[in-house]
Amino acid sequence: MKQATKYILTVILMFIVFSVIVKIVFLYYNAKLCPFQLTDVLSVLWHGFIMDISISVITAAFSWFVTVAALFIPGIPLRIVLAPWYMLQTFLLAFLYWGDVMLYEAWGFKLNYAIFSYMSSPGEGTASLTWWYIISRALLVVGTMAVLGGGLIWATPKRLKLKDRCRARLGKTVLVTAFLCLLASAYWFIPQDCCLRGYYCDKLLLNNATQNPFYTLMASGFESNRNLYDQFQTMEQEEAAEYFHGLYPSTEGISDTLLRTSSPNVLIVQLESQSSIFIEELGGFKGVTPRQSQLIGEGILFEQVYANSFRTDRGTVSTFSGNISYPTTSLMLTPEAYAKLPSLAKSLASAGYTTEYVYGGNLTGMQANKYLRAVGYTRQTDMHHFAPKGTKIVSAAPDSLSAQHVFQLIKQKPLEEKWHIAYQTITSHEPFQAPSRTLENDTLNVFAYTDAAIGRLVDSLKTIPQVWDNLLMVLIPDHSCMFHRSYEDPNYFHIPMIWCGGALREGGVRVDKIMNQSDMAATLLAQLDIPHADYPWSRNVFSPAYTHPSAYSTWPSGYIFVDQTGTSSYDLFADYIIHGGDSTFMEKRLAHGQAILQSSYTLLDQLLSE
């Protein structure tokens with residue numbers, strides 16, 4: 001009996017030790033996101049210890065069941081039965097735990113239910129990864145299986161030794177009762193608002209480090225599996241309607257004309273992971289994007305644009321369908337929504353434009369090709385076009401190559417044709433490796449590389465005056481970048497948007513209106529005198545009706561709301577104010593954000609139910 005008890009306690013202890021090691025690695029691997037001291041490490045371990053115990057009890061549950069069965073049925077070969085389970089279990093734990101460590105620097109939130117949508121279509125996430133990056137992470141998983149899995153197998157007795165029947169019966173009763181009590185206590189440690197546990201300071205990295213990734217995965221799963229209509233409904237409907245009123249008005253008509261022609265050709269460049277931190281004119285690093293700085297001098301810089309979301313699948317829908325973002329839902333992964341979404345391709349096609357989409361990455365990832373086809377981009381080019389003939393393994397095409405392809409497409413078009421091309425870059429995707437180097441820092445270098453590729457595309461277009469003079473070129477990111485910023489920084493979602501080209505009436509213009517990435521669609525269509533009434537989440541920022549300039553952005557565990565009074569952000573699963581800003585208007589900003597959140601899910605539920 002002592003043997004069985006000692007064995008189960010050993011299993012639980014090994015899982016606890018593994019969780020502690022992962023937390024320490026998590027902190028130091030992501031240390032560049034937030035400075036901390038040794039005392040912070042101890043605080044993280046202390047505040048997350050109960051969470052680790054509860055998860056360790058749960059992860060040891062199957063071992064406990066088998067051990068109880070061995071007490072009732074003497075002779076069960078315990079080690080033989082549990083060895084395959086431990087290999088599978090340690091593989092899954094290593095995948096989840098180390099994935100949480102590695103992805104945090106790019107995602108900025110703890111591992112949660114969103115991973116399953118990305119696992120179902122990994123192409124977008126792996127398009128630009130190097131073989132060494134993939135192999136090194138695979139070796140880490142294998143190493144964990146060898147050390148933790150091997151240790152668990154070594155600690156497992158071949159068979160339990162039972163000498164006294166009466167003591168054995170008593171031991172069975174005690175063991176089963178203790179198991180049920182511990183399992184019950186673990187359940188009470190995991191209410192639906194479990195992510196609240198572990199939040200103990202004002203540093204997001206430290207708060208997130210306390211949380212066990214398996215713990216947060218289950219917590220987010222509770223919310224994600226609820227009906228859309230019921231998600232995040234914490235405010236009374238009347239109050240929500242009051243705070244929502246006026247934020248998304250009908251914005252037909254314009255108060256300012258930016259173009260000297262009503263029907264220019266339209267080239268939209270969606271820049272991978274671009275952030276204001278790389279733009280000198282927006283207070284970012286100097287010398288990283290000199291060609292975009294040049295375009296700012298020649299064109300129009302929208303100074304207060306905020307990305308809607310955190311990843312490409314969501315950002316693409318915000319850009320080209322002018323749609324809001326959702327913490328737990330990706331519309332690109334919701335095919336039943338495609339036919340009901342507006343899009344720039346549809347609107348421009350109705351005005352006589354041809355449409356085309358070019359991407360150096362893999363358009364089959366995240367079902368991007370299906371979404372783009374459904375919303376009107378019937379002609380698509382991705383990395384398979386750039387692959388040498390006969391190759392089976394295809395890498396993403398660098399931006400210099402895909403940008404040159406875009407130029408060739410434009411060059412071959414008849415001058416009388418009205419066209420719209422959407423071009424998406426890829427080189428500045430994680431893990432930030434470019435084919436050439438101009439800057440020492442890897443991250444800054446990839447953005448400099450993409451900037452140079454865009455600059456060469458502009459130079460090439462200018463060599464054909466008939467094309468350039470009738471061109472409106474829009475540069476807008478799909479989302480921001482976790483470089484020197486995280487969600488606790490109110491500037492994380494701040495992105496550049498640049499309009500340039502010969503179709504502009506004048507250059508060197510700055511627009512300081514607060515707006516979202518999704519507002520580009522309605523703003524652009526209004527300039528082209530094309531109706532945008534079917535874009536409920538996109539606002540024409542030059543409309544006289546745009547009287548409450550604001551921006552709302554989400555990631556899987558929170559939202560941010562920005563208006564003229566300041567910025568506030570909120571962690572949904574932890575019920576925690578990440579950034580309050582000016583306290584005078586903080587509660588009102590958070591109420592606006594909550595009202596948009598609730599309304600977005602209510603309207604999405606209605607949309608998908610029609």
Side-chain angles (χ1 to χ4, degrees), residues 106 118-138 267-274 311-313 315-316 319-320 332-333 345 354-413 419-438 442 445-458 460-461 477-479:
Y118 292 102
M119 286 175 61
S120 67
S121 184
E124 187 271 334
T126 60
S128 63
L129 299 186
T130 64
W131 280 111
W132 169 243
Y133 186 92
I134 296 172
I135 291 172
S136 62
R137 273 60 181 177
L267 171 61
I268 298 177
V269 181
Q270 184 167 253
L271 299 167
E272 173 65 49
S273 303
Q274 180 65 288
R311 297 302 284 177
T312 300
D313 59 308
T316 298
T319 296
F320 296 106
M332 187 174 280
L333 295 173
T354 61
T355 62
E356 190 164 353
Y357 202 96
V358 178
Y359 181 39
N362 185 4
L363 282 177
T364 62
M366 304 302 296
Q367 304 184 40
N369 58 337
K370 296 179 182 178
Y371 159 75
L372 293 170
R373 186 176 299 110
V375 299
Y377 291 100
T378 54
R379 295 186 61 184
Q380 301 175 21
T381 301
D382 71 356
M383 65 183 189
H384 298 90
H385 169 84
F386 303 100
K389 292 183 178 179
T391 57
K392 295 182 179 180
I393 300 176
V394 185
S395 299
D399 293 341
S400 57
L401 186 60
S402 56
Q404 180 61 24
H405 176 74
V406 170
F407 170 68
Q408 292 299 326
L409 287 177
I410 295 173
K411 183 180 179 180
Q412 295 168 11
K413 290 185 177 295
W419 52 262
H420 158 52
I421 294 177
Y423 166 47
Q424 182 178 343
T425 66
I426 181 63
T427 303
S428 51
H429 195 288
E430 304 98 340
F432 304 125
Q433 295 187 356
S436 61
R437 181 171 295 278
T438 56
D442 287 342
N445 182 65
V446 295
F447 287 96
Y449 176 87
T450 296
D451 179 73
I454 298 302
R456 286 191 292 272
L457 171 60
V458 169
S460 298
L461 291 170
D478 54 353
H479 54 81

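Just so it is clear, the values below take in all heavy atoms, side chains as well, and ignore hydrogens, waters and symmetry mates.
Once rounded to the nearest 0.5 Å, the distance linking CD1 of I454 with CD of Q274 reads 10.0 Å. For the atom pair OG of S460 and CD1 of I410, the computed distance is 10.0 Å after rounding to the nearest 0.5 Å. Separation of atoms CG (L271) and OG1 (T425) is listed at 5.0 Å; rounding is to 0.5 Å. With rounding to the nearest 0.5 Å, the separation of CG in L333 from NZ in K370 is 10.0 Å. Between the CG atom in D399 and the NE2 atom in H405 there is a gap of 13.5 Å [rounded to 0.5 Å]. Atom CD of E430 sits about 5.5 Å away from atom OG of S273, to the nearest 0.5 Å.
Scored by the salt bridge (Lys or Arg N to Asp or Glu O under 4.0 Å) test, K413 finds E356, E417 as partners (sequence neighbours excluded).
For the residue pair E272 and H479, a side-chain donor N or O sits within less than 3.5 Å of a side-chain acceptor on the partner. In the model, D478 has no side-chain atom that pairs as donor or acceptor with a side-chain atom of T316 under 3.5 Å. Inspection of the N369 and T364 side chains reveals no N or O donor paired with an N or O acceptor under 3.5 Å.
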- request: List the steps, then state whether side-chain hydrogen bond (donor to acceptor under 3.5 Å, both in side chains) holds for Y359 with H385.
  value: CA-CA 10 Å; Y359 181 39; H385 169 84; over 6 Å; no

- request: Assess whether salt bridge (Lys or Arg N to Asp or Glu O under 4.0 Å) is satisfied between R437 and D442, documenting all intermediate values.
  value: CA-CA 8 Å; R437 181 171 295 278; D442 287 342; 2.6 Å; yes

task: In sequence, state the C-alpha distance, the side-chain angles, and the governing distance for R379 and T355, and then conclude on side-chain contact (heavy atoms from CB on, under 4.5 Å).
output: CA-CA 7 Å; R379 295 186 61 184; T355 62; over 6 Å; no

- request: Let me see the working for Y449 and T438 under side-chain contact (heavy atoms from CB on, under 4.5 Å), right down to the final yes or no.
  value: CA-CA 8 Å; Y449 176 87; T438 56; over 6 Å; no

task: Give the intermediate values and the outcome of side-chain contact (heavy atoms from CB on, under 4.5 Å) for residues F447 and T427.
output: CA-CA 8 Å; F447 287 96; T427 303; over 6 Å; no

message: side-chain contact (heavy atoms from CB on, under 4.5 Å), that's the test. Do M366 and T312 meet it? Break it down for me.
response: CA-CA 9 Å; M366 304 302 296; T312 300; over 6 Å; no

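Residues A396 and G361 approach most closely at CB-CA, 4.3 Å, considering heavy atoms. Nearest heavy atom pair, residue A453 against residue A403, reads O-CB, 4.0 Å. In plain terms, the two heavy atoms of Y423 and L267 that are nearest each other are CB-CD1, 4.3 Å.
L457 places none of its side-chain heavy atoms less than 4.5 Å from the side chain of Q404. Using a 4.5 Å heavy-atom threshold, the side chains of Y377 and F320 count as touching. Put simply, the side chain of I268 reaches to within 4.5 Å of the side chain of H420, judged on heavy atoms. Residues N362 and I426 form no side-chain contact, since every pair of their non-hydrogen atoms from C-beta on lies 4.5 Å or further apart. Inter-residue side-chain proximity for Y357 and D382 is flagged as unmet; no heavy-atom pair is nearer than 4.5 Å. In this structure, the side chains of S400 and R456 come closer than 4.5 Å at one or more pairs of heavy atoms.
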